[in-house]
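Structure first, commentary second.
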Amino acid sequence: MLKYMLKKAAGWLAMIFVAVNITYFLASSFLNPRSNYAGRRPPVPEERIDAILEPLNLNDKVPITERWWNWLSGILLHWNWGSSPLGDSINEQISYRIWVSARLLLLATFLSVVIGIALGVFTASRKDKLADRGWMVVSLITLNTHVVVASVLVVWIAISINRAAGQPVFYVTGASSIGVEGFFNQLVDGFQHLILPTICLLIISYASYHLMQRNMLLDNIDADYVRTARAKGLTKAQAVRRHALRTSIIPVATSVAFSIPGIFTGAIMTETIFGWNGMGSYFLETIQKNDIHGAVGVAAFGALMTAIGAVLSDLFVVFLDPRVRVS
């Protein structure tokens, strides 16, 4: 098993290396850092722009192969992913924004998976009953609700609660307040900022896990091995939990594993609405500012998360399916 996982990881690292280098050439072809200085009044002399971009390894007058080698050698020798056209360190930007996105999205993803799977099991066990039909309607509505609509509704409710309480119970923008001191106060303040975007992400994301788990469980709930387990004395609930759920949860676990890249870079709208400077908003910012190194850094992080998701997917399958362990 260890040998297989190491081989798998090595293959993914090779693919990441190739993909990231291709992304660098593509980003260098489509993004032009020089355009950040176009249209300024008074105009910035071309020699001055060259003097700014040259130390940042962003001068398009330098052959792209030379720029690529300087960028790649900086990563391999110093783990330096370069600088933005404004001179900001890509390493510092990404390391900070990963933590911001992790605080926001890992909790929302965890709650979405737990609630979605629980609802899937609950509704599948009550197929075509009132509870099943009711939750199906709710999930279909939320599944087709845009994040902007969900955010407006949640923010309206939060503002109404704040007005009724006469003090800020929920904060709409930002990841934290300035000047808050003390561990407990910072914890409460972080929760007040976190709860609204978490609810929005939960509303739009739990339904896919609910519907997938329900459908997968219905495909296995009447299987021969489940009926055999019930014939041996297990109740329906015990047979579902111990046998049918173990098999039907595999596609859901695989889906969760491969959603990891989207967890960090896909919540652009949510981060923009609530003022969280995470990886999603940073990715949009790199495109807007023609930040070649930043865009490649985000792509590299997304590729790494995809590889981690693939490895975790294999581990989930091995853990959940004894037949795979034997093979």
Side-chain angles (χ1 to χ4, degrees), residues 16 19-21 23-24 26-28 30-31 33 36 56-58 71 74-75 78-112 147-148 151 171-180 186-187 189-202 204-205 256-309 312:
I16 290 173
V20 169
N21 281 276
T23 303
Y24 179 86
L26 291 174
S28 299
F30 289 99
L31 300 179
N36 292 322
L56 302 175
N57 194 36
L58 293 171
W71 169 80
I75 295 174
H78 307 289
W79 195 247
N80 179 11
W81 285 81
S83 302
S84 72
L86 300 179
D88 298 323
S89 170
I90 303 302
N91 293 51
E92 294 179 0
Q93 287 290 326
I94 291 181
S95 60
Y96 166 73
R97 292 172 185 264
I98 287 174
W99 167 239
V100 174
S101 291
R103 280 191 292 165
L104 172 61
L105 297 164
L106 289 179
L107 176 61
T109 302
F110 174 77
L111 293 176
S112 298
V147 65
V148 175
S151 299
Y171 290 104
V172 176
T173 60
S176 60
S177 301
I178 299 175
V180 178
Q186 291 177 347
L187 188 65
D189 178 73
F191 180 76
Q192 289 176 303
H193 285 83
L194 180 63
I195 188 168
L196 295 185
T198 299
I199 291 174
C200 291
L201 290 171
L202 179 61
I204 65 172
S205 59
V256 173
F258 276 103
S259 69
I260 291 178
I263 290 174
F264 285 95
T265 60
I268 297 175
M269 293 297 297
T270 306
E271 291 182 359
T272 302
I273 292 170
F274 291 97
W276 284 63
N277 295 318
M279 289 294 292
S281 61
Y282 181 59
F283 174 64
L284 187 63
E285 182 181 314
T286 60
I287 303 301
Q288 293 173 337
K289 295 183 178 180
N290 292 280
D291 185 353
I292 296 173
H293 296 154
V296 177
V298 173
F301 178 76
L304 177 62
M305 292 298 100
T306 302
I308 293 175
L312 289 177

Any residue meeting side chain to side chain donor-acceptor pair (under 3.5 Å) with [X], in chain and number order, not counting sequence neighbours:
X: S205; value: S112
X: N91; value: none
X: N21; value: W68

Restricting to side-chain contact (heavy atoms from CB on, under 4.5 Å), what partner residues turn up for [X], sequence neighbours left out?
X: I273; value: V148, S151
X: L312; value: A257, I260, I308, L315, F316
X: I199; value: V154, I195, I203
X: L194; value: L104, L107, T198, W276

- Query: Backbone N or O of S176 within a donor-acceptor pair of the D189 side chain at under 3.5 Å?
  - Reply: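 No.
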
- Task: Sort out for me which residue in L58, N290, L26, T286 forms a side-chain contact (heavy atoms from CB on, under 4.5 Å) with L31.
- Result: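 Of the listed residues L58, N290, L26, T286, the side-chain contact (heavy atoms from CB on, under 4.5 Å) partner of L31 is N290.
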
- Would the number of heavy atoms belonging to other residues, nucleotides or ligands and lying under 6.0 Å from CD of Q186 be above 12?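 Yes, CD of Q186 has more than 12 neighbouring heavy atoms, counting only those of other groups under 6.0 Å.
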
- Message: Between R97 and E285 (salt bridge meaning N to carboxylate O under 4.0 Å), is one present in this structure?
- Response: yes

- Distance (rounded to the nearest 0.5 Å) between L105 CG and T270 OG1: 7.5 Å

If you look only at distance, which donor and acceptor atoms sit under 3.5 Å apart when one is on a side chain in residues 292-299 and the other is two or more places apart or in another chain?
residue	atom	partner	partner atom	Å
H293	ND1	S83	N	3.3
H293	ND1	S83	O	2.9

- Message: Show me the pairs that pass salt bridge (Lys or Arg N to Asp or Glu O under 4.0 Å) and involve residues 79-90, at least two apart or across chains.
- Response: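 Sorted result for residues 79-90: empty, none.
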
- Atom of I16, atom of A303 and distance for their closest heavy-atom approach: CD1-O, 3.7 Å

